[in-house]
Asks: 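Take this structure, written in structure tokens, and hold onto it; I'll ask about it next.
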2 protein chains.
Amino acid sequence: MQWMKKYTIKDIAELAGVSKGTVDRVIHKRGKVSEAALKKVENILKDIDYQPNLIARSLKNNKNILLCILMPDPKIDPYWKPCIEGIDEASHEFSPFGVTIRYVYFNPFNKDSFVTQSQLALDPSFDGVLLAPLFQKESITFIEACEKQEKPYFLFNNDLKDADSQNFIGQDLFQSGRIGAKLIHSTLKDNAEVAIIHIDEIFKNATHMQEKERGFRSYFNELENGHFNIRAYKLKHRNANNLKKTIKYFIDTHPEINGFFVTNSKINLLAALLNKNRERTCVVGYDLLPENLHFLKTGVIDYLIHQNPRQQAYLGVTFLSDYLLFNKVIPNKNLIPIDIVNSENFMGYIKR
Amino acid sequence: MQWMKKYTIKDIAELAGVSKGTVDRVIHKRGKVSEAALKKVENILKDIDYQPNLIARSLKNNKNILLCILMPDPKIDPYWKPCIEGIDEASHEFSPFGVTIRYVYFNPFNKDSFVTQSQLALDPSFDGVLLAPLFQKESITFIEACEKQEKPYFLFNNDLKDADSQNFIGQDLFQSGRIGAKLIHSTLKDNAEVAIIHIDEIFKNATHMQEKERGFRSYFNELENGHFNIRAYKLKHRNANNLKKTIKYFIDTHPEINGFFVTNSKINLLAALLNKNRERTCVVGYDLLPENLHFLKTGVIDYLIHQNPRQQAYLGVTFLSDYLLFNKVIPNKNLIPIDIVNSENFMGYIKR
DNA sequence: CAAAATAGTGTGCTCGAACACACTTTTTTA
DNA sequence: TAAAAAAGTGTGTTCGAGCACACTATTTTG
């Protein structure tokens with residue numbers, strides 16, 4: 001990359017023998033420019049590959065941007081706590097550029113809560129929305145409303161299946177399931193009794209766990225040798241203490257299972273009840289919650305797949321800000337890597 | 001975070017009943033301000049927690065920043081290719097802010113080449129240097145020269161041991177070795193014959209491989225049960241074809257080894273010669289070179305540890321730019337996560 | 001005590017883009 | 001053909017910080 005002179009509008013005006021006003025009208029296609037002047041200026045713009053000074057532009061615009069974060073209340077589901085960190089970090093970075101964040105929480109267990117709260121997010125004072133679209137149908141309604149208002153939005157955590165889902169940042173959940181399978185396979189080798197376990201998945205968007213299960217099964221289906229029994233189980237809670245009992249009962253009545261793939265962050269509930277004298281088990285689950293890390297360190301959990309909610313949320317905010325402040329183009333589908341975490345490398349992923 | 005009015009210097013001047021010139025002198029501690037005015041302005045600054053508008057500031061300063069990248073020639077060692085991508089991406093992001101990149105390559109096999117090339121990097125036209133300090137002693141000499149010139153610098157890839165090594169971005173190599181050990185352990189279980197293999201490490205900074213070996217051994221030393229034989233080997237080349245023969249001979253004469261830990265990206269050389277009918281082997285190495293990925297996909301290599309040279313270089317450039325453009329404070333030691341890569345999740349880490 | 005040096009203060013221009021507005025020239029309309 | 005409308009062009013101000021410079025008030029010096 002060679003040294004490049006930075007051309008300003010004034011430079012271009014001189015080169016073209018017109019005034020900066022005319023150059024400005026050409027750049028912004030505001031019309032009121034004669035054929036001759038238009039061509040002269042356009043040629044020069046092309047020749048020098050004019051790049052406007054973004055600093056000057058954003059000083060002039062001097063936008064004050066208000067972003068809405070529409071996400072589950074982390075007090076209700078701690079999975080979302082790292083998102084706050086990521087968002088706050090991005091907010092800290094962009095606040096000198098006039099970006100302000102406002103959180104709008106909803107209850108991830110309650111569709112109605114999402115519907116009412118998403119109404120708040122449509123307030124015209126918000127210049128953009130970052131959204132965790134847990135509820136498929138309601139979220140589509142919401143982003144349609146955004147599009148009607150021409151309000152930029154960005155999805156994170158999970159994509160919307162049918163919608164032409166632009167502006168998504170997250171992971172490939174099918175592949176995520178395959179990774180879980182690979183880990184269990186390489187740990188248990190030749191044959192095993194494997195359980196896919198969906199814990200307490202009444203509220204999370206169903207696609208989430210379905211995709212992971214599909215990926216998981218696809219891996220084992222492709223295997224040429226080895227003998228594996230794959231079965232899926234749904235362990236749901238009805239009231240607070242009930243879930244523990246359900247899991248305990250499940251474990252006790254299935255002594256043959258030695259591979260456990262838990263499709264969400266609730267793996268600590270299973271780990272807490274797993275008897276350590278099961279031989280050659282392999283336990284794989286999701287997310288670096290403190291409880292999960294505890295069982296990772298003590299060796300009950302073998303691997304955690306890192307969905308990196310912090311990074312997802314962080315990138316969501318930076319993308320929206322860069323777009324609104326500097327008109328940067330943002331990649332449409334933004335898949336972040338799926339990190340494999342064990343007891344030795346988890347340190348790199350927490351409290352970055 | 002609540003809505004905050006953005007105060008300007010003019011606002012403060014009005015509040016304090018002075019002119020913006022006086023406020024400016026207070027902020028920049030340029031003196032020539034009376035006691036009374038000083039206190040009034042300082043109090044107001046404290047009260048409102050004044051944050052200068054960085055956009056306006058950098059427009060005024062209108063710095064054009066030239067960064068020097070002092071690194072090995074990627075044509076000589078392809079390990080460095082991803083760095084170029086990362087740097088170019090960062091460069092692309094910051095070029096609208098007046099940042100220009102110039103590469104200064106040296107031959108990683110040749111100390112003298114580093115010494116001569118590092119002289120170029122000291123040219124006063126460079127506003128900052130990003131450096132891969134392969135050669136310990138020479139690099140220390142270099143950064144001392146930088147400090148004398150008050151030229152900001154940043155290290156990536158590996159740290160300098162003795163120097164008070166500020167401004168480093170990279171990985172914890174000791175921990176990296178432990179991760180390799182953990183992967184081999186969880187794949188091979190109870191007992192194994194394990195080899196630590198340093199291929200062609202005449203040039204790379206010796207600390208690199210030493211730290212990894214130390215970490216690797218420390219993991220197995222801490223194990224309570226299991227029976228593992230750990231031995232380290234150095235396979236060096238003398239002339240081009242010779243290395244292949246050396247490796248082949250090593251493999252053939254050590255049929256008992258089933259755990260291979262190669263401490264650098266040259267693992268493909270070993271993988272290419274490994275007979276597939278060795279049973280229950282586990283092969284772990286470094287870096288996502290195309291050759292390495294090939295053997296990962298075909299199942300010869302079990303895991304690759306991702307040193308993320310791309311990300312390291314990318315962050316190096318962004319840190320330097322943010323520092324020089326916006327005076328942002330940069331974390332001193334910046335350890336990036338150590339990614340575990342297998343045949344299912346490598347896609348997320350390439351061509352981001 | 002006048003001249004000179006210094007302390008203290010305010011004004012006004014700059015950075016580059018964006019846009020309002022005034023102005024001139026050409027075209028359209030009655 | 002005069003008046004009105006539209007097309008085309010340039011000037012000047014704004015955004016906020018930073019700094020040169022001019023200016024007044026006070027202190028120091030010969």
Asks: Starting from C1' on dT13(D), measure out to NZ on Lys60(A) and report it in whole angstrom.
Replies: 9 Å
Asks: OP1 or OP2 of dA18(C) sitting under 4.0 Å from any side-chain N/O of His28(A)?
Replies: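 His28(A) to dA18(C) OP1/OP2: side-chain N or O found under 4.0 Å.
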Asks: Has Thr22(A) got a side-chain atom pairing as donor or acceptor with Val18(A)'s backbone, closer than 3.5 angstrom?
Replies: no
Asks: Does a side chain donor of either Tyr103(B) or Asp73(B) reach within less than 3.5 Å of an acceptor in the other side chain?
Replies: no
Asks: Quick one: do Phe156(A) and Phe154(A) satisfy ring-ring contact (aromatic ring centres under 6.0 Å, His included)? Show the steps, please.
Replies: CA-CA 7 Å; Phe156(A) 74 110; Phe154(A) 226 85; 9.4 Å; no
Asks: Side-chain N or O of Arg57(A) versus OP1/OP2 of dG16(C): is the shortest distance under 4.0 Å?
Replies: no
Asks: Under the side chain to side chain contact (heavy atoms under 4.5 Å, CB included) rule, collect the residues that match up with Ser34(B), sequence neighbours excluded.
Replies: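 With sequence neighbours excluded, Ser34(B) shows a side chain to side chain contact (heavy atoms under 4.5 Å, CB included) to Ala36(B), Ala37(B), given in chain and number order.
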Asks: Without decimals, in angstroms, what is the distance between Asp24(A) CG and dT13(D) P?
Replies: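 Computing the Asp24(A):CG to dT13(D):P distance gives 17 Å.
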Asks: Of the candidate nucleotides dG18(D), dT9(C), dA17(C), which contains the atom at the shortest distance from the side chain of Lys20(A)?
Replies: dA17(C)
Asks: Whole angstroms only, please: what is the CD1-P distance between Ile9(A) and dG12(D)?
Replies: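 Taking atom P of dG12(D) as the reference, CD1 of Ile9(A) is at 17 Å.
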Asks: Looking at the side chain of Asn53(A), which of dA18(C), dG16(C), dG10(C) is the nearest nucleotide?
Replies: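 When the side chain of Asn53(A) is considered, dG16(C) is the closest of dA18(C), dG16(C), dG10(C).
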Asks: Which is more 5' along DNA chain C, the nucleotide nearest Gly17(B) or the one nearest Asn61(A)? Just name the residue.
Replies: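 Closer to the 5' end of DNA chain C: Gly17(B).
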Asks: The side chain of Arg25(A) lies closest to which of these nucleotides: dC21(C), dC15(C), dT9(C)?
Replies: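 When the side chain of Arg25(A) is considered, dC21(C) is the closest of dC21(C), dC15(C), dT9(C).
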Asks: What is the separation between atom CD on Gln51(B) and atom P on dG16(D), rounded to the nearest whole Å?
Replies: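 Rounded to the whole Å, the gap is 16 Å.
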Asks: Check the distance between dG16(C)'s P and Glu14(A)'s CD and give it to me in whole angstrom.
Replies: 12 Å
Asks: Here's a test of your reading of the structure: between Ser34(B) and Ala56(B), which maps to the more 5' nucleotide of DNA chain C?
Replies: Ser34(B)
Asks: In terms of side-chain heavy atoms of Leu59(B), which of dA17(C), dG18(D), dC15(C) is nearest?
Replies: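 Of all the options, the side chain of Leu59(B) is nearest to dC15(C).
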Asks: One thing to verify: whether Asp11(B) and Lys6(B) come together as a salt bridge, which I'm taking to mean a side-chain N less than 4.0 angstrom from a carboxylate O.
Replies: no
Asks: Could you give the CG-to-C1' distance, from Leu325(A) to dA17(C), as a whole number of Å?
Replies: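 One finds 15 Å between C1' of dA17(C) and CG of Leu325(A), rounded.
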Asks: Give the nucleotide from the list dC19(C), dG10(C), dA17(C) with an atom nearest to the side chain of Val18(B).
Replies: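 Nucleotide nearest to Val18(B)'s side chain: dG10(C).
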Asks: Is the phosphate of dT14(D), meaning OP1 or OP2, less than 4.0 Å from a side-chain N or O of Asn62(A)?
Replies: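 Checking Asn62(A) against dT14(D): no side-chain N or O falls below 4.0 Å of OP1 or OP2.
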Asks: Measure CG/Leu54(A) against P/dA17(C) and give the value in whole Å, please.
Replies: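 That distance rounds to 9 Å.
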Asks: Using side-chain hydrogen bond (donor to acceptor under 3.5 Å, both in side chains), reason through Tyr349(B) and Asp339(A) one step at a time and then give a plain yes or no.
Replies: CA-CA 9 Å; Tyr349(B) 297 105; Asp339(A) 299 316; 2.4 Å; yes
Asks: For dA17(C) and Tyr50(A) - does any side-chain N or O of the residue sit under 4.0 Å from the phosphate oxygens OP1/OP2?
Replies: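 Yes.
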Asks: CD1 of Ile12(B) versus P of dG16(D): gap in Å, rounded?
Replies: 12 Å
Asks: Tell me whether the side-chain N/O atoms of Thr8(B) come closer than 4.0 Å to OP1 or OP2 in dG16(D).
Replies: no
Asks: Hey, is the side chain of Ser58(A) poking within less than 4.0 Å of OP1 or OP2 on dA17(C), counting only N and O atoms?
Replies: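 Checking Ser58(A) against dA17(C): no side-chain N or O falls below 4.0 Å of OP1 or OP2.
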